Amino acid sequence: MFSSLRVRNYRLFFSGQVVSNIGTWMQRIAQDWLVFTLSGYDPVALGVAVALQFTPTLLLSLWAGVLADRVDKRRLLIAIQSGVAGQAVVLGLLDVTGVVTLWHVYLLCFALGCLSALEVPTRQSFVAEMVGRDQVANAVALNSSIFNMARIVGPAVAGFVITWVGTGWLFLANAASTVAVLVGLALMDPERLFRAPAVGRAKGQLREGLRYVRCRADLSVLMVLVFFVSTFGITFFTSLAIVAGNVFGTRADGYGLLSTMLAVGTFTGALMAARRGSRGRPRLRVLLVSGFGLGALEFVTAFMPTYLAFGIALVPLGFATITFLNTANALVQTAVSPEMRGRVMGLYVLVLIGGNPIGGPMTGWMADLFGGRSPFYIGGALSALAVVVCAVVLARRGGVRLARRPRGQLRVLRAPSSEG
């Protein structure tokens, strides 16, 4: 389950992420609650904040993938993480001093979104450089395990700290936690990285990456599936705050506990994914089953009658969600050639996160129009339908057959034409 930790560079990265992710989740809860309170508990305002934070992904993630293929990923991550710490310091000082307004938060959400648009594809493609191709699935799952362990600790801590002293100190704590990532990156041995050959600067590299995915029907359908599920189904960052405040009438601590229940499921799912990842390559069957399970469970969760029942239902929903996301990530990373990994991961991040400018306001609009539960049952139904459609397309596709190989990877039997 922990085989990737035998690699020293990955251990340093893993250790820094343990600390930093807790700070990140505390800031996410604090930021959502700050927007919610500054706007008078307006769900649309919360959707706008989400859209501002994720809109830069639409503009920058593809170029970030090109950049990741060209430059030293470790040094680029150091620069980006320094910017993330600066953003948290500014927001924290504005909040602690009592001068923060809604437009301040909106502006800093956009700034953080720009940094994240550069950071995520770089970090995702850097995983393979730290551990090598054979350990990618295990390392991706371990990343998710600490990310979701932080989702258990961070929101619970944030909910009570907000109740006691407000949101500002949580932003400053996140800035301090980022130092752990910077130290880990600085202590790595560059000579022990599994680096792909450097890609020289040239025209048309972005189009080359897009063409590479378009000519791979397995990757194309996977990208479409991830887009629909992440845009319409995985809207929990917005919808949980709405359910906590507008459906069950709880305060910040109630919102934090719901996030923690979801994280219990995602943490368990990440550990199971790590166990599967140590045994071989990821399987498409797991992606389709978990995606359909995500949609079905989200639909059922929407109709839980009490706060307790709703929170308990979030545990299996979190398990299905992280299984789907981990499997999709690992499938992409193991299916592409090393020199294309940065650009393909840039596109993957675009379809994974780029739908949030649509999903965030849409979630707030649905909650305002149809009630706080509607993002769950509408999003769940759309996610399950997307999985069924993509499964049918893959089964009927003439150019690519999804064959079961000994290690579970996709196999291209006939290259599709340029029109396909």
Side-chain angles (χ1 to χ4, degrees), residues 2 4-31 53 68 72-93 95-96 108 111-131 135 138-162 165 167-190 192-193 256 259-260 263 266-267 270-271 274 322:
F2 303 102
S4 297
L5 293 177
R6 299 181 186 132
V7 181
R8 177 181 178 273
N9 283 340
Y10 182 71
R11 284 200 306 272
L12 291 169
F13 177 83
F14 183 91
S15 302
Q17 291 292 314
V18 168
V19 178
S20 178
N21 278 320
I22 294 176
T24 298
W25 275 106
M26 290 192 300
Q27 170 154 331
R28 286 189 177 184
I29 300 300
Q31 178 181 286
Q53 184 165 333
D72 187 317
K73 297 179 181 63
R74 184 178 68 93
R75 292 181 179 178
L76 181 57
L77 285 172
I78 290 174
I80 294 171
Q81 289 296 324
S82 299
V84 169
Q87 184 270 352
V89 168
V90 172
L91 184 54
L93 291 176
D95 196 2
V96 168
L108 289 167
L112 182 61
C114 292
L115 292 167
S116 297
L118 296 173
E119 190 265 348
V120 175
T122 306
R123 171 169 47 84
Q124 297 279 14
S125 56
F126 188 54
V127 170
E129 287 196 2
M130 286 186 287
V131 301
Q135 292 289 343
N138 180 255
V140 167
L142 287 180
N143 284 350
S144 293
S145 70
I146 56 174
F147 182 79
N148 289 288
M149 179 273 294
R151 288 185 67 176
I152 299 173
V153 178
V157 171
F160 289 109
V161 171
I162 292 170
V165 297
T167 53
W169 291 104
L170 291 172
F171 300 126
L172 297 177
N174 180 45
S177 72
T178 307
V179 175
V181 178
L182 294 172
V183 171
L185 290 168
L187 292 177
M188 285 185 183
D189 183 358
R192 295 187 177 183
L193 294 174
S259 298
T260 299
T266 54
F267 179 66
L271 290 179
I322 203 61

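This one's a predicted model, so the numbers in the text were calculated from it and none came from an experiment.
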Asks: Does a side-chain heavy-atom distance below 4.5 Å link Gln53 with Gln31?
Replies: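 Sidechains of Gln31 and Gln53: in contact.
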
Asks: Give me the atom names and distance for the closest heavy-atom approach of Ala85 to Ala175.
Replies: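 Looking at all heavy atoms of both residues, the shortest contact is O-CB, 3.6 Å.
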
Asks: Work out which heavy atom in Leu172 is nearest to a heavy atom in Leu93; give both atom names and the distance.
Replies: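 It is CD2-N, 4.1 Å.
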
Asks: Would you indicate whether the side-chain heavy atoms of Lys73 and Arg123 approach each other to under 4.5 Å?
Replies: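 When only atoms from C-beta onward are counted, Lys73 and Arg123 do not touch, as no gap falls below 4.5 Å.
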
Asks: Atom CG of Leu77 and atom OG of Ser82: how far apart are they, to the nearest 0.5 Å?
Replies: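 Atom-to-atom, Leu77:CG and Ser82:OG are 10.5 Å apart.
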
Asks: Under a 3.5 Å distance rule, please check whether Asn138 uses its side chain to pair with a backbone N or O of Ser4 as donor and acceptor.
Replies: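 Checked: pair present.
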
Asks: What is the distance from atom CE of Met130 to atom OG of Ser125, rounded to the nearest 0.5 Å?
Replies: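 OG of Ser125 is found 9.5 Å from CE of Met130.
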
Asks: Are any side-chain N or O atoms of Ser20 and backbone N or O atoms of Gly16, one a donor and one an acceptor, separated by less than 3.5 Å?
Replies: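 No, Ser20 side chain to Gly16 backbone: no donor-acceptor pair under 3.5 Å.
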
Asks: Just how far is it from atom CG of Leu115 to atom CD1 of Ile80, taken to the nearest 0.5 Å?
Replies: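 With rounding to 0.5 Å, CG (Leu115) is 7.0 Å from CD1 (Ile80).
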
Asks: If we ignore hydrogens and angles and just use 3.5 Å, is the side chain of Arg11 paired with the main-chain N or O of Arg6 as donor and acceptor?
Replies: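 Checked: pair present.
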
Asks: Going by heavy atoms in the side chains, are Met26 and Val157 under 4.5 Å from each other?
Replies: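 Yes, side chains in contact.
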
Asks: Without swapping roles, check the side chain of Thr167 against the backbone of Ala30 for a donor-acceptor pair under 3.5 Å.
Replies: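 No; judged by distance alone, with no hydrogens or angles, the pair does not exist.
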
Asks: Which atom pair, heavy atoms only, marks the closest approach of Gly184 to Leu12?
Replies: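 Nearest heavy atoms, Gly184 then Leu12: O-CB, 3.8 Å.
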
Asks: Considering only heavy atoms from C-beta outward, does the side chain of Asn174 approach that of Ser177 to under 4.5 Å?
Replies: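 Answer yes - side chains close enough.
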
Asks: Might you work through the side chain to side chain contact (heavy atoms under 4.5 Å, CB included) test for Leu142 and Tyr10, ending with a clear yes or no?
Replies: CA-CA 10 Å; Leu142 287 180; Tyr10 182 71; 3.4 Å; yes

Asks: Taking all non-hydrogen atoms of both residues, which atom of Ser259 and which atom of Ile29 are closest, and how far apart?
Replies: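 Looks like OG-CD1, 3.8 Å.
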
Asks: Which residue in the set Val7, Asn143, Leu187 passes side-chain contact (heavy atoms from CB on, under 4.5 Å) when paired with Phe13?
Replies: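 Among Val7, Asn143, Leu187, the one meeting side-chain contact (heavy atoms from CB on, under 4.5 Å) with Phe13 is Asn143.
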
Asks: Test side chain to side chain contact (heavy atoms under 4.5 Å, CB included) on Gln81 and Leu182 and set out the steps.
Replies: CA-CA 7 Å; Gln81 289 296 324; Leu182 294 172; 3.6 Å; yes

Asks: Trp169 versus Asp95: any side-chain heavy-atom pair under 4.5 Å?
Replies: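 Side chain of Trp169 against side chain of Asp95, heavy atoms only: no contact under 4.5 Å found.
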
Asks: Looking only at side-chain N and O atoms, does Gln87 offer a donor or acceptor that is under 3.5 Å from a partner on Gln27?
Replies: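 Yes, because at least one side-chain N or O of Gln27 sits under 3.5 Å from a partner of the opposite role on Gln87.
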
